[in-house]
Protein chains: 2
Amino acid sequence: MDRTDRKILAELQKDGRLSVTELAERVGLSLSPCHRRVRALEESGVLLGYRAQLNPGALGLNFSAMVFVTLREGDRRAVEAFETALIDIPQVVDAQRLFGEPDYLLQVITQDLSAFQRLYDESLSTLPNVQRLTSTLVMKQVIQNRLLPL
Amino acid sequence: MDRTDRKILAELQKDGRLSVTELAERVGLSLSPCHRRVRALEESGVLLGYRAQLNPGALGLNFSAMVFVTLREGDRRAVEAFETALIDIPQVVDAQRLFGEPDYLLQVITQDLSAFQRLYDESLSTLPNVQRLTSTLVMKQVIQNRLLPL
DNA sequence: AATGAAATGATAGCATT
DNA sequence: AATGCTATCATTTCATT
């Protein structure tokens with residue numbers, strides 16, 4: 001991982017569909033070595049893949065909420081059961097386990113408030129080992145999935 | 001936006017570098033109409049772009065924290081000043097403004113605890129109009145930037 | 001480890017149904 | 001709106017420095 005690799009990653013973060021030809025020019029390398037480096041970054045697990053970025057609003061997904069979850073005291077199994085069930089809810093687009101309270105922080109995206117209500121009642125409330133659920137509406141996505149600082 | 005457009009978006013969310021040739025096969029269309037649809041989705045703002053997904057750990061970014069921010073009472077200017085300053089901190093990879101307390105929820109990524117400490121003291125604490133800052137360490141990223149539910 | 005060249009494959013525009 | 005065709009451009013492999 002040298003300076004050139006970082007340049008490659010920075011460019012591909014900005015435009016994941018850059019042609020290797022164009023990428024090579026931007027990082028100041030000729031085609032083949034640039035190509036080899038991209039492959040190497042993919043193989044080594046630094047470059048996990050490429051994804052299209054969609055506009056949730058344009059797809060009718062206009063509602064977002066943060067959900068705070070505290071679990072009941074339990075063993076490793078309780079945690080695993082909760083996480084496994086969580087992963088099956090596609091509207092949960094981000095989830096992190098924290099140190100301390102709350103135990104989890106979820107970001108949920110739905111079409112509208114009523115879809116969220118249903119999701120809350122039918123899927124979130126019934127997740128295993130939950131002691132406490134709180135949710136707050138997102139007013140504005142100020143920064144969304146920013147490029148990693150290289 | 002019909003069923004075929006949704007299929008196209010689903011495929012491109014999974015693999016943003018799919019060739020139009022391969023994409024056309026997967027969605028059951030021939031090359032040219034598939035190509036036209038992708039362009040149309042880009043122009044219409046549904047498809048915002050394409051990005052490489054990086055592995056933060058493999059890049060030495062092993063530390064993550066959630067930061068809860070409450071602002072002092074203030075006018076629109078205060079909010080704008082805060083958000084403008086926030087956007088200049090590259091380690092803040094996600095930020096949402098909420099309804100109610102806290103006002104903002106930030107996700108911050110740094111190399112390690114000491115880098116976070118510096119960031120906290122030098123950049124986060126000095127953001128304008130902040131009344132209260134609380135932070136919690138992320139133990140595990142359970143779900144990371146999941147594909148949108150189509 | 002980078003370069004250049006050459007075969008294979010993808011893209012994008014256009015004419016047709 | 002979808003298809004098929006074609007010229008242009010990109011990718012990928014291999015031989016060379």
Side-chain angles (χ1 to χ4, degrees), chain A residues 1-62 111 144-150, chain B residues 1-62 111 144-150:
Chain A
M1 276 285 301
D2 58 6
R3 239 177 61 78
T4 307
D5 283 326
R6 288 185 129 70
K7 271 201 216 169
I8 288 174
L9 295 174
E11 292 297 335
L12 288 177
Q13 271 200 112
K14 286 189 281 182
D15 181 358
R17 273 194 91 105
L18 259 189
S19 72
V20 181
T21 310
E22 174 68 18
L23 180 62
E25 282 179 22
R26 295 199 192 173
V27 304
L29 225 56
S30 66
L31 217 157
S32 315
C34 180
H35 188 250
R36 272 196 307 118
R37 278 170 183 265
V38 173
R39 289 293 161 269
L41 289 166
E42 285 169 358
E43 313 265 297
S44 72
V46 178
L47 238 171
L48 298 172
Y50 305 88
R51 303 210 338 218
Q53 300 301 119
L54 306 190
N55 180 349
L59 287 157
L61 297 165
N62 294 300
Q111 298 213 311
Q144 198 177 175
N145 196 231
R146 170 73 72 74
L147 305 187
L148 289 181
L150 300 174
Chain B
M1 275 285 302
D2 59 5
R3 240 177 61 76
T4 307
D5 283 327
R6 289 187 128 70
K7 271 202 217 171
I8 288 175
L9 294 175
E11 292 296 337
L12 288 177
Q13 271 201 112
K14 286 189 282 183
D15 181 359
R17 275 194 89 107
L18 261 187
S19 71
V20 181
T21 310
E22 174 69 18
L23 180 61
E25 282 178 23
R26 296 200 192 174
V27 304
L29 225 58
S30 66
L31 217 155
S32 314
C34 180
H35 187 249
R36 271 196 308 119
R37 278 170 183 263
V38 174
R39 290 292 161 269
L41 290 166
E42 286 170 356
E43 313 265 299
S44 72
V46 177
L47 236 170
L48 299 172
Y50 305 88
R51 302 213 336 220
Q53 299 302 118
L54 306 189
N55 180 348
L59 287 158
L61 297 165
N62 294 299
Q111 298 213 310
Q144 199 177 173
N145 195 231
R146 169 76 75 69
L147 306 186
L148 289 182
L150 302 174

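This structure is a prediction, so every number in the text was calculated from the model and none was measured. FYI, side chains are in, hydrogens and waters are out, and symmetry mates aren't considered; it's all heavy atoms of this structure. Throughout, a chain's letter reflects where its sequence line sits, starting with A, and its residues are numbered from 1.
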**OP:** Do nucleotides 11-17 of chain C as a string where each nucleotide becomes B, S or -: B if the base has a protein heavy atom under 4.0 Å, S if just the sugar-phosphate does, - if no protein is that close.
**Re:** BBB----
**OP:** State the CZ-CG distance between A:R17 and A:L12, to the nearest 0.5 angstrom.
**Re:** 12.5 Å
Original post:
So, for B:L54 and A:L48, which heavy atoms are closest and what is the spacing to 0.1 Å?
Top reply: O-CD1, 3.5 Å
Subject >> Contacts of type salt bridge (Lys or Arg N to Asp or Glu O under 4.0 Å), residue A:D15, not counting sequence neighbours >> reply: none
Subject >> Test item: A:Q111 and A:L59 side chains (from C-beta on) under 4.5 Å apart, heavy atoms >> reply: no
Original post:
Excluding sequence neighbours, so at least two apart, what forms side chain to side chain donor-acceptor pair (under 3.5 Å) with A:N62?
Top reply: none
**OP:** List in numerical order all residues of residues 1-15 of chain A for which some heavy atom is under 4.0 Å away from an atom belonging to DNA chain C.
**Re:** none
**OP:** May I have the distance from A:R36 (atom CZ) to D:dT16 (atom C1'), rounded to whole angstrom?
**Re:** 14 Å
Subject >> salt bridge (Lys or Arg N to Asp or Glu O under 4.0 Å) partners for B:R37, two or more places apart >> reply: B:D2, B:D5
**OP:** Write down the distance between CD (A:E25) and C1' (C:dA2), rounded to a whole number of angstrom.
**Re:** 17 Å
Original post:
Hey, are the side chains of A:N145 and A:Q53 touching, using non-hydrogen atoms and a 4.5 Å cut-off?
Top reply: yes
Subject >> Residue list, salt bridge (Lys or Arg N to Asp or Glu O under 4.0 Å) with A:R26, at least two apart or on another chain >> reply: A:E11, A:E22
